[in-house]
Amino acid sequence: MRLYLLPVSTRRTLLYCQKLHAPSPEKETWGDKIQSKAARMWSGWEQKDKGWQKSVVNYGNQVLRRIPYEEWGLKSVPPLSQRRRQVELKGTEKVEVVYPKSLLAMDHVPKILNKLATEREALHKRRLIWCFVGMPITIPVALLPVIPNLPFFYLVYRAWSHWRALSGGKHIQFLLNNNLLALTPSPVVDEVYAAQKDPLPSTPEPTTGGTEKIVNPPDPSVLPNSSQNPDGETMLLSQANGKKMTQALDLPQLEVELERAIWQVETAIKKRSAEVAAKDAQSENEKKAQ
């Protein structure tokens with residue numbers, strides 16, 4: 001497998017795992033079989049012109065888009081099975097980590113990976129438990145005719161999603177603890193970021209609880225409007241450049257992940273910027289009133 005670290009803003013980064021061809025493929029697990037069957041069923045519902053299945057898909061896609069991109073990123077990392085553990089420990093090649101040298105310092109990359117692997121661990125554990133608690137409560141819905149027990153299946157999916165995110169995070173920690181990562185700066189990725197000339201959305205205050213910037217110090221040639229909010233947060237990728245990134249890396253499966261991450265971070269930045277503007281306006285009005 002190969003890992004990608006792609007900064008979306010000056011404080012938030014997308015993790016994505018590309019699955020490469022393994023020398024000897026593992027036997028498909030029951031979880032993989034269920035996932036494949038569910039994906040085929042969902043795809044079939046998407047192709048319907050109308051009906052409750054189409055309505056469920058339309059609403060479901062909106063819900064899926066709001067699942068944090070950090071969770072999707074960890075889910076892209078395969079679980080650490082006993083066989084995979086042995087293969088990676090005995091392997092002659094390390095797992096490659098591709099990142100933009102112009103934005104991320106090499107010694108900062110392991111810290112970012114560790115943060116992405118651990119910062120939401122408690123949240124995923126807590127919500128996984130609540131999914132199991134909620135499943136029995138939805139059983140009466142199964143008595144309704146025609147329509148399946150959608151709340152139950154949603155909780156099952158979210159429980160699986162949280163478990164996969166936890167498993168992906170543990171796999172990343174395993175690679176870090178055993179020094180199995182090969183940090184590889186990518187000129188191709190740098191070129192895509194450098195091609196972003198138009199100013200992108202920014203906010204005077206960060207959208208996350210962390211105080212540390214990913215890009216430090218910001219490069220004005222890469223971030224045209226970063227100097228306006230040095231203590232805040234600035235977008236690094238637009239949707240257009242996100243598509244260029246997937247094309248440059250020849251990773252079409254990355255497009256939906258980048259699109260989701262850019263949309264979520266950009267929405268958060270615009271919301272925080274509006275909140276700061278409203279707060280400043282209120283303070284100004286209070287000063288005038290005095």
Side-chain angles (χ1 to χ4, degrees), residues 1-20 22 68-81 84-125 164-194 206-219 222-223 226 233-237 245 249 251 254 257-258 261-262 264-265:
M1 66 181 189
R2 179 183 294 124
L3 300 176
Y4 290 86
L5 278 181
L6 302 174
V8 180
S9 75
T10 50
R11 293 181 184 270
R12 304 176 73 174
T13 300
L14 171 67
L15 166 69
Y16 178 75
C17 177
Q18 178 189 14
K19 298 173 181 62
L20 305 176
Y69 73 89
E70 296 94 339
E71 181 176 329
W72 287 100
L74 290 175
K75 283 163 54 178
S76 70
V77 182
L80 185 63
S81 63
R84 187 181 294 273
R85 182 192 300 266
Q86 295 174 355
V87 169
E88 290 179 346
L89 285 175
K90 296 179 181 178
T92 56
E93 296 184 0
K94 296 184 177 182
V95 176
E96 188 179 12
V97 182
V98 179
Y99 68 97
K101 183 179 180 181
S102 62
L103 297 178
L104 303 179
M106 180 175 287
D107 59 349
H108 202 183
V109 171
K111 298 177 184 178
I112 296 174
L113 282 170
N114 185 65
K115 180 180 179 181
L116 291 172
T118 59
E119 67 178 347
R120 298 173 59 86
E121 190 172 13
L123 180 145
H124 288 306
K125 288 180 179 179
R164 278 299 300 264
L166 284 168
S167 300
K170 290 178 180 178
H171 195 169
I172 296 295
Q173 294 177 62
F174 170 79
L175 295 173
L176 287 168
N177 293 337
N178 290 278
N179 193 28
L180 297 175
L181 297 174
L183 309 185
T184 309
S186 171
V188 173
V189 175
D190 280 324
E191 288 178 6
V192 176
Y193 280 103
T207 62
T208 60
T211 58
E212 186 178 4
K213 274 195 174 185
I214 295 171
V215 180
N216 192 24
D219 184 354
V222 178
L223 307 177
S226 60
E233 184 174 353
T234 303
M235 289 292 296
L236 298 178
L237 279 176
M245 182 74 74
L249 295 173
L251 277 176
L254 175 62
E257 305 296 337
L258 260 179
I262 292 171
Q264 289 183 4
V265 177

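We use all heavy atoms of the structure for the numbers below, so side chains are in, but hydrogens, waters and symmetry mates are not. Just so it is clear, the structure is predicted and the values come from calculations on it, not from any experiment.
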Quick check: do [X] and [Y] have side-chain heavy atoms less than 4.5 Å from each other?
X: L14; Y: L254; result: yes
X: L15; Y: E70; result: no
X: L183; Y: P110; result: yes
X: L3; Y: I172; result: yes
X: L181; Y: V109; result: no
X: S186; Y: Y99; result: no
X: P68; Y: R120; result: yes
X: L74; Y: R164; result: no

Which distance, rounded to the nearest 0.5 Å, do you find between the [atom1] of [X] and the [atom2] of [Y]?
X: L6; Y: E257; atom1: CG; atom2: CD; answer: 11.0 Å
X: L258; Y: M245; atom1: CG; atom2: CE; answer: 6.5 Å
X: M1; Y: R84; atom1: CE; atom2: CZ; answer: 6.5 Å
X: Y4; Y: E96; atom1: OH; atom2: CD; answer: 7.0 Å
X: C17; Y: K75; atom1: SG; atom2: NZ; answer: 14.0 Å
X: T207; Y: R11; atom1: OG1; atom2: CZ; answer: 8.5 Å

Give a yes or no on whether the backbone of S76 and the side-chain of K19 come within a donor-acceptor separation of less than 3.5 Å.
-> yes
For T10 and T234, indicate whether the former's side chain and the latter's backbone hold a donor-acceptor pair under 3.5 Å.
-> yes
Show your working on side-chain contact (heavy atoms from CB on, under 4.5 Å) between L103 and L236 and close with a plain yes or no.
-> CA-CA 10 Å; L103 297 178; L236 298 178; 4.0 Å; yes
What heavy-atom pair brings [X] and [Y] nearest, and what distance separates the two atoms?
X: T208; Y: R12; value: CG2-CD, 3.6 Å
X: T13; Y: L116; value: O-CD2, 3.9 Å
X: P100; Y: L5; value: CD-O, 3.3 Å
X: V265; Y: S9; value: CG1-CB, 3.8 Å

Report the C-alpha separation of L80 and K170 in whole Å, then their side-chain angles, then the decisive distance to 0.1 Å, and conclude whether the side-chain contact (heavy atoms from CB on, under 4.5 Å) test is met.
-> CA-CA 7 Å; L80 185 63; K170 290 178 180 178; 6.0 Å; no
By side-chain contact (heavy atoms from CB on, under 4.5 Å), which residues pair with L180, not counting sequence neighbours?
-> E88, L89, F174, L175, N178
Does T118 have any side chain to side chain donor-acceptor pair (under 3.5 Å) partners at least two apart in sequence or in another chain, and if so, which?
-> none
